[in-house]
Amino acid sequence: MITELAVERVEFTCGHCRHTFGAEYDVRYYRDENDDEREYFTRDGDSVPSPYEPEGAPPCPLCGRRWVGRLTARRPVPVPPGPAGTPRQRLTTSREQHRTDRRAAPRPDAGAHERTQDSTAGAPGEP
């Protein structure tokens, strides 16, 4: 059962070249059948390891080394409420026929979520 949903903005600073870059992750917290809490990360719709662990850190776009990220912003996404008072709309057609334009819509460009900034550059307006 999903217990919490959020979008987390994670910043990475390369310990080798000092380049700073960031990415957004969707994270789901859920309780499994053994009542254990788990977290599940996705980025651009793909399942990925936690960016807070070495194996989940993306490579630095400049030198390719990996450094663990740190949380810089978090936006909770409401989990749909239970059956009573649920603001959900019942589908009147099959799921395959409902809003078929969703299936043809392109995925957002993965690069569109990257916000790269060069930590070696001067202040805005300076060279």
Side-chain angles (χ1 to χ4, degrees):
M1 169 173 72
I2 295 174
T3 58
E4 185 178 3
L5 299 170
V7 176
E8 294 183 353
R9 174 90 178 130
V10 182
E11 183 177 273
F12 303 91
T13 301
C14 180
H16 177 71
C17 70
R18 305 307 301 162
H19 181 69
T20 300
F21 60 102
E24 289 184 354
Y25 292 82
D26 294 322
V27 61
R28 287 181 226 158
Y29 294 93
Y30 66 96
R31 190 173 308 280
D32 68 12
E33 63 277 353
N34 296 322
D35 212 32
D36 293 325
E37 285 282 341
R38 306 244 181 216
E39 61 184 0
Y40 175 71
F41 288 88
T42 59
R43 182 158 181 233
D44 296 320
D46 297 321
S47 178
V48 295
S50 170
Y52 308 114
E53 301 292 330
E55 61 274 2
C60 172
L62 297 183
C63 71
R65 296 205 169 102
R66 296 177 187 268
W67 298 88
V68 173
R70 70 178 182 83
L71 180 66
T72 58
R74 187 169 196 280
R75 179 175 47 89
V77 177
V79 177
T86 303
R88 298 178 185 153
Q89 183 176 347
R90 185 168 190 226
L91 298 182
T92 57
T93 62
S94 71
R95 189 169 175 202
E96 291 77 30
Q97 295 171 328
H98 182 71
R99 298 188 184 162
T100 56
D101 57 334
R102 288 181 175 167
R103 283 149 198 58
R107 281 181 50 172
D109 179 20
H113 297 291
E114 293 283 339
R115 291 193 183 106
T116 304
Q117 72 183 100
D118 186 353
S119 58
T120 60
E126 292 182 17

**Within residues 65-79 or reaching into it, pairs that qualify as salt bridge (charged side-chain N to carboxylate O under 4.0 Å, His left out) - sequence neighbours excluded** = Glu4-Arg74, Glu8-Arg74, Glu11-Arg70
**Message:** Strictly distance-based, threshold 3.5 Å: is any side-chain N or O of Ser50 a donor or acceptor partner for the main-chain N or O of Gly56?
**Reply:** no
**Contact check, side chains of Thr72 and Val10, non-hydrogen atoms, under 4.5 Å** = no
**Prompt:** Between the side chain of Thr3 and the main-chain N/O of Arg31, is any donor-acceptor distance below 3.5 Å?
**Reply:** no
**Prompt:** What pair of heavy atoms forms the shortest contact from Arg9 to Ala23, and how long is it?
**Reply:** NH1-N, 3.1 Å
**Message:** Would the distance check show the side chain of Asn34 and the main-chain N or O of Asp36 forming a donor-acceptor pair, the cut-off being under 3.5 Å?
**Reply:** no
**Message:** On a heavy-atom basis, which atom in Trp67 and which in Phe12 lie closest, and how many Å separate them?
**Reply:** O-CD2, 3.3 Å
**Request:** Would you name the heavy atoms of Cys17 and Cys60 that are closest together and state the gap between them?
**Result:** SG-SG, 3.6 Å
**Request:** Would you indicate whether the side-chain heavy atoms of Tyr40 and Asp26 approach each other to under 4.5 Å?
**Result:** no
**Request:** Hey, could you give me the CE/CG distance between Met1 and Asp35, rounded to the nearest 0.5 Å?
**Result:** 8.5 Å
**Prompt:** Given the rule in the side chain to side chain contact (heavy atoms under 4.5 Å, CB included) test, do Phe21 and Leu62 qualify, once you have shown the distances and angles that lead to the verdict?
**Reply:** CA-CA 10 Å; Phe21 60 102; Leu62 297 183; over 6 Å; no
**Request:** To the nearest 0.5 Å, tell me how far Asp32 CG sits from Arg38 CZ.
**Result:** 4.5 Å
**Asked** Taking all atoms of both residues into account, what is the closest heavy-atom pair of Glu39 and Tyr29, and its distance?
**Response** OE1-CE2, 3.2 Å
**Request:** Indicate yes or no: at least one non-hydrogen side-chain atom of Phe41 is less than 4.5 angstrom from one of Ser47.
**Result:** no
**Complete:** Taken to the nearest 0.5 Å, the spacing of Tyr25 OH from Leu71 CG works out to 12.0 Å
**Item:** Residues in salt bridge (Lys or Arg N to Asp or Glu O under 4.0 Å) contact with Glu55, at least two apart in sequence or another chain
**Value:** none
**Message:** Please give me the minimum heavy-atom distance between Val68 and Pro54, naming the atom from each residue.
**Reply:** CG2-N, 3.7 Å
